[in-house]
Amino acid sequence: MIVKNICCIGAGYVGGPTMAIIAQKNPNLVVNVVDINKERINQWNSSDLSKLPIYEPGLDKVISETRGKNLFFSTDIDKHIDKSEMIFISVNTPTKTYGDGKGMAADLKYVELSARKIAKVAKTDKIVVEKSTLPVKTAAAIKNILDETGSGVRFEILSNPEFLAEGTAMRDLEVPDRVLIGGNESSSGKKAIKALVDIYLSWVPKDNILTTNLWSSELSKLVANAFLAQRISSINSISELCEKTGADVEEVAKAIGMDSRIGNKFLQTSVGFGGSCFQKDILNLVYIARSIGLKKVADYWNQVIIINNHQRKRFAKRILTSLYNTVSGKKIAFLGWAFKKNTNDTRESASIYVADLLLDEMANIDIYDPKVSSDKIYRDLNLLASRTENENKTLLKVSQNAYDACENAHAIAILTEWDEFKTIDWNRIYNNMNKPAFIFDGRNILEKKQVEKIGFIYKGIGKS
Ligand code: NAD
Ligand code: UGA
């Protein structure tokens with residue numbers, strides 16, 4: 001099959017940037033990204049590139065080069081499915097919040113709806129590519145749905161999980177460590193794999209494109225995220241040990257990371273990993289293992305989540321105990337709300353959970369984040385439903401800069417490692433704070449000695 005038109009269902013953090021790069025590198029292809037969310041599509045079509053629905057360094061440039069030429073954003077899902085030879089499913093797959101598997105399994109309702117839509121609309125043969133992160137064996141379910149149409153249309157399913165990280169998405173897409181494509185070993189399966197490989201070959205070296213069977217590809221995505229998150233929980237567990245023993249977690253991370261067998265990446269201790277995927281994908285892995293009776297395997301991976309939750313709570317508790325066991329009526333400034341720097345994404349951000357615990361103690365929180373709107377911050381908190389919306393509004397404020405957020409604060413909590421926090425005028429901040437003034441550095445971005453010289457009481461993670 002010759003692919004000339006691509007449709008991507010889901011214009012989110014993955015669908016948008018991934019399709020923008022595919023369009024940029026394949027000017028001969030026409031790429032239509034479709035979504036049910038009209039507002040999101042309008043934002044993707046905004047002439048003001050600062051209004052794109054997601055913030056990702058370098059994305060605006062690629063969009064300006066491709067949009068309106070061979071990249072289009074639309075809500076006309078049926079039309080673009082029908083006229084494409086290849087359809088990517090890049091919809092969200094959050095943790096289920098209801099029914100069987102609640103709180104653990106991936107909710108596949110959006111994937112299933114997409115498959116049903118394709119089944120209903122398609123009049124010609126299609127290659128359907130799973131871009132979303134899915135439980136192993138999902139391709140079989142998608143295939144069943146598609147084959148039940150009775151329309152005679154043939155579908156070939158591929159798994160092509162995405163490994164980009166937010167904040168570095170454009171670079172990750174431009175020079176991926178690997179592109180993974182899983183497919184059937186039948187002759188039509190091999191042809192479909194080749195069609196997708198050819199698209200990536202426009203810019204990815206052949207040796208970096210790995211083809212496997214469908215189940216290996218689906219499972220590898222979950223396992224990659226589990227391994228990455230496991231490293232963070234490993235170093236975070238050691239951070240607690242460091243605080244009790246006088247060891248410095250950054251020195252330990254450096255020492256172990258110099259062993260080439262361990263490697264130095266993903267050893268940055270933190271207030272806990274956030275983001276839409278690590279937690280959900282490990283929960284999903286645990287759920288799958290448990291469902292097939294592999295209790296020990298499930299318990300092993302579940303421990304990664306247990307340590308992550310513990311790290312968030314431990315951080316909040318440290319603020320409380322350092323501030324003489326009461327934060328009621330005290331102002332605590334939060335620097336950062338996004339789950340990591342260079343993104344406006346706040347899904348599962350550690351800040352949300354730390355704020356929740358401190359608000360339970362009746363603290364007054366003042367937040368500054370360079371890219372997250374106040375609406376989003378309140379929405380994140382209201383979703384937890386720990387307090388009424390009014391209570392959240394009374395206890396929590398959002399400021400437009402770090403200086404306002406920190407004015408008269410008793411303590412500062414650094415929750416996101418935004419570069420601009422490293423170059424703040426800390427003297428000015430200190431002079432306008434309640435004394436003794438504490439900094440709880442949830443990302444270890446500051447030099448302890450430097451801020452202590454000013455007068456701050458510095459509490460980094462994994463430092464006594
Ligand atoms: P997202 O929530 O940002 O985007 C998903 C989009 O799909 C939304 O805009 C939603 O409106 C749309 N959608 C849902 N159902 C639809 C339907 N039936 N028809 C049309 N549109 C529909 O999610 P995301 O962060 O882009 O993640 C998408 C998938 O990619 C997930 O499975 C995730 O695990 C995986 N993933 C995400 C990242 C990341 O960094 N965010 C990285 C790798 C993989
Ligand atoms: C992660 C993976 O890195 C991607 O490969 C994957 O495609 C993606 O999940 C996904 O499937 O969604 P992402 O969550 O965007 O990407 O960002 P990461 O850089 O992995 O950071 C995740 C969280 O871990 C952040 O809160 C970050 O601050 C934290 N982190 C990361 C640490 O606490 N320490 C580290 O050493 C690294």
Side-chain angles (χ1 to χ4, degrees), residues 7-19 33-41 43-44 53-54 56 73-78 80-81 88-95 106-118 130-135 138 160-169 172-173 176-178 180 221-222 224-229 231-236 239 253 257 264-282 284 308 311-312 336 338-343 345-351 415-417 442-444 461:
C7 171
C8 173
I9 306 178
Y13 282 86
V14 168
T18 311
M19 292 304 127
V33 189
V34 296
D35 205 293
I36 39 173
N37 183 335
K38 199 169 175 8
E39 193 192 335
R40 215 169 206 189
I41 290 297
Q43 288 172 320
W44 279 112
I54 65 177
E56 192 60 58
F73 293 91
S74 161
T75 49
D76 198 342
I77 302 176
D78 293 17
H80 294 296
I81 288 177
F88 287 79
I89 299 179
S90 187
V91 298
N92 37 328
T93 50
T95 304
D107 189 344
L108 298 180
K109 96 174 148 204
Y110 306 106
V111 174
E112 181 169 339
L113 282 171
S114 304
R116 286 186 186 281
K117 179 63 107 179
I118 298 170
E130 298 173 342
K131 190 48 121 173
S132 298
T133 302
L134 298 169
T138 305
N160 172 219
E162 184 48 60
F163 295 99
L164 68 80
E166 289 176 30
T168 54
D172 297 341
L173 288 166
D177 285 352
R178 81 318 212 165
L180 179 58
K221 172 63 198 176
L222 290 184
N225 274 358
F227 268 61
L228 288 167
R231 277 176 75 94
I232 304 169
S233 279
S234 296
I235 197 70
N236 281 343
S239 73
N264 61 8
K265 291 188 180 145
F266 259 70
L267 284 178
Q268 178 63 51
T269 191
S270 67
V271 58
F273 58 75
S276 61
C277 293
F278 278 173
Q279 178 171 299
K280 103 169 149 63
D281 291 347
I282 295 180
N284 191 7
N308 200 49
Q311 189 76 348
R312 294 163 174 168
F339 81 97
K340 63 185 283 199
K341 73 173 178 179
N342 290 333
T343 179
D345 196 348
T346 63
R347 290 176 286 182
E348 290 303 325
S349 179
S351 335
L415 275 315
T416 314
E417 72 282 21
R443 296 284 175 170
N444 287 356
I461 289 194

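Source: prediction; values computed, not measured. Just follow the structure's listing: the first ligand is 1, and inside any ligand the first atom is 1.
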For N264, all residues meeting side-chain contact (heavy atoms from CB on, under 4.5 Å), sequence neighbours excluded: none

Ring geometry between W44 and F73 (parallel below 30°, tilted from 30 to 60°, perpendicular above 60°): parallel

Side chain, backbone, both or neither: the part of C277 lying under 4.0 Å from ligand 1 by heavy atom: side chain

Within reach of ligand 1, part of K38 (heavy-atom separation under 4.0 Å): neither

Give me the pairs of N or O atoms, one from ligand 2 and one from the protein, that sit under 3.5 Å apart.
| residue | atom | partner | partner atom | Å |
| --- | --- | --- | --- | --- |
| ligand 2 | 5 (O) | F163 | O | 2.7 |
| ligand 2 | 7 (O) | E162 | O | 3.4 |
| ligand 2 | 7 (O) | F163 | O | 3.2 |
| ligand 2 | 7 (O) | L164 | O | 2.7 |
| ligand 2 | 7 (O) | K221 | NZ | 2.9 |
| ligand 2 | 11 (O) | K221 | NZ | 2.8 |
| ligand 2 | 11 (O) | N225 | ND2 | 2.8 |
| ligand 2 | 15 (O) | E166 | N | 2.8 |
| ligand 2 | 17 (O) | K340 | NZ | 3.3 |
| ligand 2 | 19 (O) | K340 | NZ | 2.8 |
| ligand 2 | 26 (O) | G274 | N | 3.0 |
| ligand 2 | 26 (O) | F339 | O | 2.8 |
| ligand 2 | 28 (O) | R443 | NH1 | 2.6 |
| ligand 2 | 33 (O) | S270 | OG | 2.6 |
| ligand 2 | 34 (N) | Q268 | O | 2.7 |
| ligand 2 | 36 (O) | L267 | N | 3.4 |
| ligand 2 | 36 (O) | Q268 | N | 2.9 |
| ligand 2 | 36 (O) | Q268 | O | 3.4 |

Side-chain ion pair, K221 and E130, N-O less than 4.0 Å: no

SB check K131 E162 (cutoff 4.0 Å): yes

Member of D76, I118, V34 meeting the side chain to side chain contact (heavy atoms under 4.5 Å, CB included) criterion with I81: I118

Passing candidate, side chain to side chain contact (heavy atoms under 4.5 Å, CB included) with L134, options I89, L222, L108: L108

Closest protein heavy atom (residue, atom, distance) for atom 30 (O) of ligand 1: V14 CG2, 3.5 Å

Closest non-hydrogen atom pair, G272 against Q311: N-CG, 4.0 Å

Atom 21 (N) of ligand 1: nearest protein contact (heavy atom, Å): I36 N, 3.4 Å

Nearest-contact summary for atom 23 (O) of ligand 1 - protein heavy atom, Å: R347 NH1, 3.6 Å

Atom 12 (C) of ligand 1: the protein heavy-atom neighbour that sits closest, reported with distance to 0.1 Å: D35 OD2, 3.2 Å

Closest protein heavy atom (residue, atom, distance) for atom 31 (C) of ligand 1: T93 OG1, 3.5 Å

S132 side chain vs V91 backbone, donor-acceptor pair below 3.5 Å: yes

Proximal candidate to atom 40 (O) of ligand 1 [heavy atom criterion; set K109, E166, K117]: E166

Mode of D281 contact toward ligand 1 - side chain, backbone, both, neither (heavy atoms, under 4.0 Å): neither

Heavy atom of the protein closest to atom 14 (C) of ligand 1 (residue, atom name, distance): N92 OD1, 3.3 Å

Among N92, T93, D107, side chain to side chain donor-acceptor pair (under 3.5 Å) partner for K280: T93

Minimal non-hydrogen separation, A338 against S351, with atom names: O-OG, 4.4 Å

Top protein contact for atom 1 (P) of ligand 1, by heavy-atom distance: R40 NH1, 3.6 Å

Identified side chain to side chain contact (heavy atoms under 4.5 Å, CB included) counterpart of F88 within the set N160, I9, V14: N160

Atom 28 (C) of ligand 1 [closest protein heavy-atom partner, distance rounded to 0.1 Å]: V91 O, 3.4 Å

